[in-house]
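Following: one structure in structure tokens, then a few remarks.
Just so you know, these numbers come straight off a predicted model, no measurement behind them.
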2 protein chains.
Amino acid sequence: MTQSQPQTAPLSRAEGKQRSRQKLITATINSIAKRGFADTTLARVAEGAGLSRGIVNFHFRTKDALFLETLKFMSREYRECWFRALDESGPSPAEKLEAVLMAEFEPPISNRNRMAVWFAFYGEAKSRPTYMSSCTELDDIIHDTLINLCRTIIEEGDYENRNADIIAFGISSLTEGLTLDILLNTGAISLDRGKEVLRSHLQALFPKHFPITRCTGN
Amino acid sequence: MTQSQPQTAPLSRAEGKQRSRQKLITATINSIAKRGFADTTLARVAEGAGLSRGIVNFHFRTKDALFLETLKFMSREYRECWFRALDESGPSPAEKLEAVLMAEFEPPISNRNRMAVWFAFYGEAKSRPTYMSSCTELDDIIHDTLINLCRTIIEEGDYENRNADIIAFGISSLTEGLTLDILLNTGAISLDRGKEVLRSHLQALFPKHFPITRCTGN
DNA sequence: ATTTTTTTGCTGAATATTCAGCCAACTGAA
DNA sequence: TTCAGTTGGCTGAATATTCAGCAAAAAAAT
């Protein structure tokens with residue numbers, strides 16, 4: 001009887017520990033989103049995870065370490081989403097480019113909670129360089145991929161006066177800026193608008209590859 | 001002798017008070033940039049301003065009020081810079097558009113310190129809606145102006161399949177994203193790159209208005 | 001199988017520190 | 001003299017971190 005209930009399934013110690021650790025990271029994300037960086041205390045994180053007060057320092061050496069691991073978790077999740085979109089997309093560079101860009105606006109990784117946390121970390125970036133340096137290598141790989149996609153598209157379409165480096169940088173920045181809108185405004189509308197703006201941008205840059213699908217006369 | 005030294009010029013009470021207040025706001029910006037939001041204490045702000053610890057609660061009711069006034073100050077400064085660029089630019093919409101966009105990358109308002117503070121506030125935006133709501137009306141005016149500029153340019157150039165709303169939103173987001181780069185990387189290079197990306201973006205959108213000035217072969 | 005020992009994830013109280021806000025005293029402009 | 005602006009000591013509340021110990025799980029012994 002007890003065995004038949006999934007949530008009461010007996011966990012090995014290692015599994016239980018891992019699950020608790022993950023609960024704490026999730027609770028940290030929720031707390032930062034709800035209360036902000038400054039008002040996120042270890043006690044509240046523990047409470048949010050349904051665990052006791054002293055637990056954080058058992059799983060993580062310090063509060064800072066908890067924050068760092070939380071950032072790493074989100075970073076990993078983001079990367080997985082990005083590369084999954086790349087893998088699952090059609091073979092052409094244009095398809096790939098559109099796929100990874102649209103993937104950025106999927107709710108699992110793009111929602112107000114997540115954005116609140118990302119920008120909270122950005123806000124701490126200058127005073128605590130450790131935080132962001134854990135993401136840069138990831139960003140480098142993604143950015144290189146983006147440049148290569150753009151370069152190929154430019155060659156395919158014989159687009160003149162298009163510099164792959166600058167365009168890739170612009171696309172990244174545009175995406176980043178659009179995610180800020182997700183934070184400052186309310187969720188779903190912003191996601192759709194983000195996709196729309198990005199499509200329109202691709203259209204202007206590479207008209208042969210991204211023909212007008214619909215005239216958004218609004 | 002004492003009167004001849006500019007910094008020792010005798011100040012009236014009102015002037016002195018105003019100056020102290022401003023010193024505190026400036027010190028707050030510097031402290032948030034240097035230590036982050038969480039580690040910015042009233043004592044350190046006062047120290048940075050060269051004043052005593054108790055003074056903040058004289059000029060501002062609470063710590064939160066100090067933060068809010070700091071944000072308002074930066075917001076005002078930004079707006080002034082924006083509209084000054086608009087006023088001082090040439091008469092055509094294209095000139096105006098380029099002028100206001102380039103103005104965003106001028107060191108007085110765009111530098112790592114300022115960006116660190118902006119993003120720190122963004123990070124708190126979700127948990128403390130008060131902060132950002134003090135800026136939204138400003139953003140609305142600027143955004144409307146941007147839309148109108150884009151609309152006029154589209155009409156002038158008979159550009160097809162260009163939606164002023166979406167383009168204006170894209171330009172804003174792109175600018176926002178580029179400023180994040182100023183924070184995460186080091187200053188001056190990023191400013192130049194920002195301008196370059198933005199020009200390239202305008203070129204792609206409105207080729208008749210923004211002809212190729214130089215082929216950035218780099 | 002049963003009991004004993006060891007391991008370990010976890011608890012919650014204790015500690016030391018930090019800090020926002022308060023206030024009584026001080027100073028110099030009006 | 002008056003009192004706006006300023007100073008810096010003080011306090012209570014909040015909080016990160018420590019730690020002694022609990023209880024369940026795992027391992028070892030019987």
Can a donor-acceptor pair be found between the side chains of A:K63 and A:N57 at a distance below 3.5 Å? no
Whole-Å distance between D:dT6 P and B:E47 CD? 18 Å
State, without any angle test, whether A:N185 and A:S190 hold a side-chain donor-acceptor pair at a distance under 3.5 Å. no
Partner residues of A:E80 under the side chain to side chain contact (heavy atoms under 4.5 Å, CB included) criterion, sequence neighbours left out: A:R76, A:R84
C:dC19 C1' sits how many Å from B:F37 CZ, rounded? 16 Å
Going from CD1 on A:I171 to CD1 on A:I166, what distance comes out if it is rounded to the nearest 0.5 angstrom? 12.5 Å
Checking the side chain of B:S200 only, and the main-chain atoms of B:E196 only, is there a donor and an acceptor separated by less than 3.5 Å? no
Not counting sequence neighbours, list each pair that qualifies as a salt bridge (charged side-chain N to carboxylate O under 4.0 Å, His left out) and has a residue in residues 34-51 of chain B. A:R128-B:D39
Residue-level proximity of residues 118-132 of chain A to DNA chain D when a heavy atom falls under 4.0 Å: none
Per side-chain contact (heavy atoms from CB on, under 4.5 Å), A:T175 is matched among A:V100, A:L101, A:V197, A:L146 by A:L101
Under 3.5 Å, is there a donor-acceptor pair between the B:D139 and B:Y78 side chains? no
With sequence neighbours left out, which residue pairs that include part of residues 85-107 of chain B fulfil the salt bridge (charged side-chain N to carboxylate O under 4.0 Å, His left out) condition? B:E98-B:R199, B:E106-B:K195
Take the protein atom CZ of A:R53 and the nucleotide atom C1' of D:dC19, then report the distance between them rounded to whole Å. 16 Å
Residues in residues 55-64 of chain A with a heavy atom under 4.0 Å of DNA chain D, by number, are A:N57, A:T62, A:K63
From NZ of B:K17 over to C1' of C:dA29, roughly how many Å is that when rounded to an integer? 14 Å
Using modelled atom types and a 3.5 Å cut-off, is there a donor and acceptor pairing between side-chain atoms of B:S75 and backbone atoms of B:L71? no
Just how far, in rounded Å, is P of D:dG8 from CG of B:L42? 16 Å
Can you measure A:Q18 atom CD to C:dT8 atom P for me and round it to whole angstrom units? 16 Å
All N/O contacts under 3.5 Å from nucleotides 14-18 of chain C to the protein, with atom names and distances to one decimal?
none

Measuring from B:S133:OG to B:L68:CG, what's the distance to the nearest 0.5 Å? 8.0 Å
Within less than 4.0 Å of OP1 or OP2 of C:dG9, is there a side-chain N or O belonging to A:S20? no
